[in-house]
Protein chains: 2
Amino acid sequence: MTSEATPAPGRVGDVRRRNLALVLGCLGPDAVASRAEIAAVSGLTKASVSSLVADLLETGLLEEVGVTRGGERGRPGVGLALNPRRGALGAEVNVDYLAVGVLDLRGQLRVHETVEASNQGRAPGDVLADLHGLAARVRDAASADGVELLGGGLAVPGIVDATSGRVATAPNLGWDDVPLADALEDLVPGTPFAAELSNEADSAALAELWYGRGRALGSYLYLSGEVGVGGGLVIGSQLFTGAGGHAGEVGHVVVDPGGRRCSCGGRGCVETVAGQEAILGAAGITGGGSTTTGRLAALTRSLDAGDDRAIRAVKRAGEALAVAVVAAARLVDLSAVVLGGHFGLLRDVLGPALDETLDDLAPGRIAAVTFSDLGASAAVTGAAGAAVRRALAAPHALLG
Amino acid sequence: MTSEATPAPGRVGDVRRRNLALVLGCLGPDAVASRAEIAAVSGLTKASVSSLVADLLETGLLEEVGVTRGGERGRPGVGLALNPRRGALGAEVNVDYLAVGVLDLRGQLRVHETVEASNQGRAPGDVLADLHGLAARVRDAASADGVELLGGGLAVPGIVDATSGRVATAPNLGWDDVPLADALEDLVPGTPFAAELSNEADSAALAELWYGRGRALGSYLYLSGEVGVGGGLVIGSQLFTGAGGHAGEVGHVVVDPGGRRCSCGGRGCVETVAGQEAILGAAGITGGGSTTTGRLAALTRSLDAGDDRAIRAVKRAGEALAVAVVAAARLVDLSAVVLGGHFGLLRDVLGPALDETLDDLAPGRIAAVTFSDLGASAAVTGAAGAAVRRALAAPHALLG
DNA sequence: TCCATATAGTTCAGAACGAATACTAATTCA
DNA sequence: TGAATTAGTATTCGTTCTGAACTATATGGA
């Protein structure tokens, strides 16, 4: 939900809260800067920065890392950097696996464990029990590695309400209106920033923004090819959640008004052409007891072998995605796309088809079509990264 | 352009600036409230509100309007309301007319004058000279009516850069890269808030938000049927300008990937089906020396007469708009649409076609399709309203 | 070696501001 | 007439940033 202009009165203390976050914002994941440099960049006075940094050192978010040489002459500054011994936990429940990881403030994924398992149709309670076992192991590993957790996040492939911690619906898991508030509580017990629930495509889009292709772009449409076609819109280096809180639902943009009925009740949606089932079906790769992963592998083999039917199916998917991408380009004035999830496997065929169709439908409009290189850890990284950002945006919560 | 997180240091004075605007924000166009009521609504203390109101009275934005009865007992409060003797000027250059008006802080359009003239292909300088003559008359009328101007705005049917005051391109005027900084300066000379340039569809969308259908909606896609098909996205009661600053360009969303080439170089765009020329052409209403307004009148006569070709052309436009509306619904999670401009003339045929197609392509997704009732003054009202909002958001600029 | 110069960082007085509290003002009701 | 109730003001206090003066630590040349 886009935040309504809450009539919150400005208090004197707000200024300090804002400036504490401002100082942290001057330090990227890898940056080292002295108090004087921070003062110059932020526009704050040296006196204010000194005072703010003292507080931030107390929170443990910041640490001093020896001296820095600025100009040739004069007293050297004391280097300041984000403390790599603080971090957040990210978790992901997906159709074929569970994954949990710990990301530190410097953006390093310090621990990452994945458990393959088919969670489709399992009772949420059973899945969550497995997840918590995995999370406990990961927390222990992080602790052994010297990382103290500040918070966490959980990503699921479905429509979620972050404020209440409920999964409204996750069709591919078979979940419907599942409350996860307790599960979130148990994920990172006793940390100052409670774990939050998020959509898997949104988390992956954010991981891309903070630690992947998106850093150089700032604004882009992230397309996630999973069982469905998910999407996340990043506008001006921020996740755009739209009017109702669930923007970027690319899978059900209409690309063919006269096309096939979709499971959503609509007609001619992207998913009816570019969803996994649609592609595999059109390519003639039948279910036959095989897993989705196995069938996708068969598809890539067919593509490599030059199988005409497979190539046409993937090309058709690329064309459908192009129509949706143009709609995004026009409606929210985007000019970049990042493709992730299983689309990466199809890139050799999908990329050219997408490029070509974009050039026909809206020449010159899309400047950059890129494929993600974050791999399978995107959602976990994004979920943990969001918790890290929450901490860096609200350092005052860590002060007495 | 979505504002990058400018590293602006928070200063002590920011708190007061914010709270001054907060107090004004508690007073809608028609609202009257006492200091005590404002304190209760805003969360500020009575003492702070008293102090803030004293400053605001000094700016002239606020005025005392007699006593108010709160509860049954106790001292009555002093009513506070926005001062209707302050306002802003809105101007519009369009293909068939020039218009200038003055809107007061209470949202009343106190003066509004329109001059019919075909501005297509005229030199920008000539058009602007006419506009300034009109603006001078309107300023005099406002002054005679006791309204003091705080600022202004100018809306044009094209892509603009508000920060530099340039029109990048306005195809239907035949303008290309026209600098309007001087013209804006002359529009409201000597006012504290400089006039700003805006897109006509965006201004109309904002007028809808502040003074029309949008008040009840908060988030919607505004569709403006002019020579082209313009659009404005309002998300969470704010104009959404997207990644590049020009969101809502509905006219070139692809609705038929195999469709006709568009003047933009693309294919199957909304405008190739729902633009004025496309509808008139498909309806068989030829140019024949007649003005666009005349041809549109002929179209509505044909519709009223039950002419099949005309009805099919408008229905086809409704279907095309539906595809674009679904794209917006999915991508930015909208559920409401407001139709303005010349679409209002076609509402009897266009509305049902739109509803029906929406129900086929995305059943239940769009909750509200409404037609604007602001008429021809939408863009002028929006341009002036934006200036009013700027003043109400930055009252400190009016203090010594 | 020693001092001028340059840069980093701290200390302290001052101003701006909202919060809390106690006060005055104006009204109703018994 | 006075108690109760509500509106609004005055005063004191704590928080925070700013700016200027100050201390700390380096380089480089006499």
Side-chain angles (χ1 to χ4, degrees), chain A residues 7-23 26-27 32-58 62-81 395-396 399-400, chain B residues 7-23 26-27 32-58 62-81 395-396 399-400:
Chain A
R11 298 189 192 84
V12 176
D14 294 345
V15 177
R16 192 161 189 86
R17 280 194 263 284
R18 175 174 168 179
N19 286 337
L20 284 167
L22 177 63
V23 168
C26 291
L27 290 166
V32 175
S34 67
R35 289 168 177 79
E37 284 162 352
I38 291 173
V41 170
S42 67
L44 292 160
T45 61
K46 287 192 299 175
S48 298
V49 173
S50 272
S51 161
L52 293 161
V53 164
D55 276 5
L56 291 171
L57 290 171
E58 197 181 310
L62 217 57
E63 64 168 7
E64 297 191 328
V65 291
V67 296
T68 58
R69 302 263 358 103
E72 207 41 43
R73 310 255 278 257
R75 171 177 166 179
V78 177
L80 297 164
H396 56 271
L399 288 169
Chain B
R11 298 191 190 81
V12 176
D14 294 344
V15 179
R16 191 163 189 85
R17 280 194 262 285
R18 174 174 169 178
N19 286 337
L20 285 166
L22 177 63
V23 168
C26 292
L27 290 167
V32 174
S34 67
R35 290 168 177 79
E37 284 163 353
I38 292 173
V41 169
S42 67
L44 292 160
T45 62
K46 287 193 297 174
S48 297
V49 172
S50 273
S51 161
L52 293 162
V53 164
D55 276 5
L56 291 171
L57 288 172
E58 197 180 310
L62 218 56
E63 64 169 5
E64 297 191 330
V65 291
V67 296
T68 58
R69 301 269 351 109
E72 208 40 43
R73 311 252 280 256
R75 170 177 167 180
V78 177
L80 297 164
H396 58 270
L399 288 169

Judged by atom type as modelled, is there a donor-acceptor pair below 3.5 Å linking the side chain of A/Asp14 to the main-chain atoms of A/Arg11?
yes
Heavy-atom nearest nucleotide on DNA chain D taken for A/Val12 and for A/Leu44; more 5' hit belongs to A/Val12
Test log, rule side-chain contact (heavy atoms from CB on, under 4.5 Å), inputs A/Leu20 and A/Leu399: CA-CA 11 Å; A/Leu20 284 167; A/Leu399 288 169; 4.1 Å; yes
In whole angstroms, the gap separating C1' of C/dC29 from CZ of B/Arg75 amounts to 19 Å
The nucleotide from D/dG8, C/dG9, D/dC17 with an atom nearest the side chain of A/Asn19 is D/dC17
note: A/His396, atom NE2; D/dT16, atom P; distance rounded to Å ~ 11 Å
Taken to the nearest whole Å, NZ/A/Lys46 to P/C/dA6 is 14 Å
| query | Base, sugar-phosphate, or nothing for A/Val15, non-hydrogen atoms under 4.0 angstrom? | reply | sugar-phosphate
| request: Scan B/Ser34 against the nucleic acid and name what it touches under 4.0 Å (heavy atoms): base, sugar-phosphate only, or nothing. | output: sugar-phosphate
Rounded to whole Å, CG of A/Leu52 lies from P of D/dT15 at a distance of 15 Å
Between CD of B/Glu37 and C1' of D/dT5 the distance, given in whole Å, is 15 Å
task = Would you tell me if any nitrogen or oxygen in the side chain of B/Arg11 comes within less than 4.0 Å of OP1 or OP2 on C/dA16?
result = no
(request) Please answer whether the main-chain N or O of A/Leu80 pairs with a side-chain N or O of A/Arg35 as donor and acceptor at a distance below 3.5 Å. (result) no
Mind checking if A/Ala47 touches a base, just sugar-phosphate, or nothing, with heavy atoms under 4.0 Å? base
Testing D/dA26, C/dA26, D/dT18 for proximity to the side chain of A/Ser48, the answer is D/dT18
Subject >> Side chain proximity check, A/Cys26 to A/Glu37, heavy atoms < 4.5 angstrom >> reply: no
A/Leu57 CG to C/dT10 P, in whole Å, measures 10 Å
Students often get this wrong, so: under 4.0 angstrom with heavy atoms, is A/Val78 touching a base, only sugar-phosphate, or nothing? sugar-phosphate
#### Entry: Under 4.0 angstrom between A/Thr45 side-chain N/O and D/dT18 OP1 or OP2
yes
Against the side chain of B/Arg35, the closest entry in D/dT18, C/dG9, D/dT9 is D/dT9
Whole-Å distance, B/Arg16 CZ to C/dA19 C1', equals 14 Å
- Kindly say if A/Ser51 contacts the phosphate of D/dT16, meaning a side-chain N or O under 4.0 Å from OP1 or OP2. no
Separation of C/dA6 atom C1' from A/Arg73 atom CZ, nearest Å, is 6 Å
message: Please determine whether side-chain contact (heavy atoms from CB on, under 4.5 Å) holds for the pair A/Ile38 and A/Leu44, giving the CA-CA distance in whole Å, both sets of side-chain angles, and the decisive distance to 0.1 Å.
response: CA-CA 8 Å; A/Ile38 291 173; A/Leu44 292 160; 5.7 Å; no
